[in-house]
Amino acid sequence: MKKNPARNVHLKKGPSKLLEKINSSIEIDQRLYREDIEVSIAHAKMLATKKIISKKEKDLIVKGLNKILKKIQADKVSFKKELEDIHMNIESLLFKEIGKTAGKLHTARSRNDQIVTDFKLWIKNNSKELDENIKLLQKTLINISKKNLTTIMPGYTHLQIAQPISLAHHCIAYVEMLGRDRSRLSDCLKRLNENPLGSGALAGTSFPIDRNLTTKLLSFKKPTVNALDSVSDRDFAVEFVFVLSLINIHLSRMAEEIIIWSNQQFNFIKLPDDVATGSSIMPQKRNPDGAELVRGNSSVVIGNLNSLLVILKGLPLGYSKDMQNDKKIVFNSYDEIILSLKVMNELWSKIKFNKINMKNAVDQSNSTATDLANWFVKELNLTFREAYQLTGKIVAYSNNNGKLLKDLSLNELKVFNKNISASAKKILSSAESIKNKTSFGGTSPQNTKKTIQYAIRKYL
Ligand code: ARG
């Protein structure tokens, strides 16, 4: 059957080529074929259980749908634009496969509840791959952390060197962010885990359907309670794209650091040849294009989130065709994020750290000034503010004399306070500084080792 089986007979002409063009979504929503067939099979089984169709008809429908599934998977089906969307294409294929009985499948349902059910299932199914990819990146970061508990690097505020930290401490910060991304994803999945099938166009149906049965067959937690809400909202898609946007923000910040660290003035990392790009004119270049594109592509996903919100903002309740664009937005955001996660995972796995440069940056920066102030509090019983000001004076002295704090002699220090002893000088070493940060969540190697074990248990 070539014609759209749902084409209204009262519309004698058309649709025009232009209407067909703007209306057709098959190029995008063919990605839902598996879910659409799964939903139809569950629906047919329920219709038979409730004796709305016969068992024989159900068997014929299910067999036909499974055949279609195989054909699509074997790339033996060409979807037709004139059939609008995945639902009508599959229904038309079913007519071809089993004849008139195909016309019974759409009893007690509408494309409005069908699409939202397919779409929720798609998000559920594909979230596994998403979660796996985030987990993989966490694993890579944890592996780097394990090897770098005592690798010293600058910690920044305002992108000015602040205090020494370990590379492990830095990486675990991202592991935690990604962990919250995963938990946000699972929250979003919990909320969308309600079955809209059986809501019909918006009002429910007069057929004696069993929504609990389709809920069970499709592995949803429970049926949605209001048919109008079920077909009208796309808040689950907004939430999903928001989760994707935040993942992207985290990836984009990582990307930014990779870009900065690989810059010659920093020179903290080297991007191996296969993850760097050259220039068409400057033969010496080693550009971080991968990281730049992860950072740049985040504009797409963040833009998508905004688009989806704007689509919904003025819609009256009930289905409106504006909503059809939700698939384009979700699929595109999802694809971008999966690619970005893979690219970031490859980058982190292959980066070579210039540990000497990282430590030198710390040691050339008076980044242990706070440790000296703390020493004054602990050893000389000064208030923190007194200690802070005393240290400030010493910092000014070293700056004026072109020296670093750690290079001042004990005698020079004693000028500021006669009770300053040799242990104050020891406190100025960066290794000492990280070793002493033993507060919960601090950067000391001992702590971080525990944090890594916790991360392994919690996330891997
Ligand atoms: N292709 C449509 C979409 O993705 C399916 C729902 C169509 N419903 C309708 N009343 N025209 O939104």
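Every value quoted in this text rests on a predicted model; they were computed, and no experiment measured them. Quick note: residue numbers are just sequence positions, from 1. In listed order, ligands and their atoms are each counted from 1.
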For each nitrogen or oxygen atom of ligand 1, which protein N/O atoms lie closer than 3.5 Å, and how far apart are they, rounded to 0.1 Å?
unit_1: ligand 1; atom_1: 1 (N); unit_2: Asp85; atom_2: OD2; d: 2.9
unit_1: ligand 1; atom_1: 1 (N); unit_2: Gln324; atom_2: OE1; d: 2.8
unit_1: ligand 1; atom_1: 4 (O); unit_2: Lys327; atom_2: NZ; d: 2.5
unit_1: ligand 1; atom_1: 8 (N); unit_2: Asn112; atom_2: OD1; d: 2.9
unit_1: ligand 1; atom_1: 10 (N); unit_2: Asn112; atom_2: OD1; d: 3.0
unit_1: ligand 1; atom_1: 12 (O); unit_2: Tyr319; atom_2: OH; d: 2.3
unit_1: ligand 1; atom_1: 12 (O); unit_2: Lys327; atom_2: NZ; d: 3.4

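- With Asp85 contributing its side chain and His87 its backbone, the two residues share a donor-acceptor pair below 3.5 Å.
- For the 3.5 Å distance criterion, the side chains of Asn133 and Lys342 fail to qualify, holding no donor opposite an acceptor.
- Asn23 and Lys321 get closest at one heavy-atom pair: OD1-NZ, 2.7 Å.
- Salt-bridge formation is not detected for the pair Asp187/Arg191: no Lys NZ or Arg NE/NH1/NH2 atom is positioned less than 4.0 Å from an Asp or Glu carboxylate oxygen.
- Applying the side chain to side chain donor-acceptor pair (under 3.5 Å) test between Asn195 and each of Asn212, Thr224, Thr215 identifies Thr215 as the sole match.
- Closest of all the heavy-atom pairs between Pro445 and Ile434 is CD-O, 4.0 Å.
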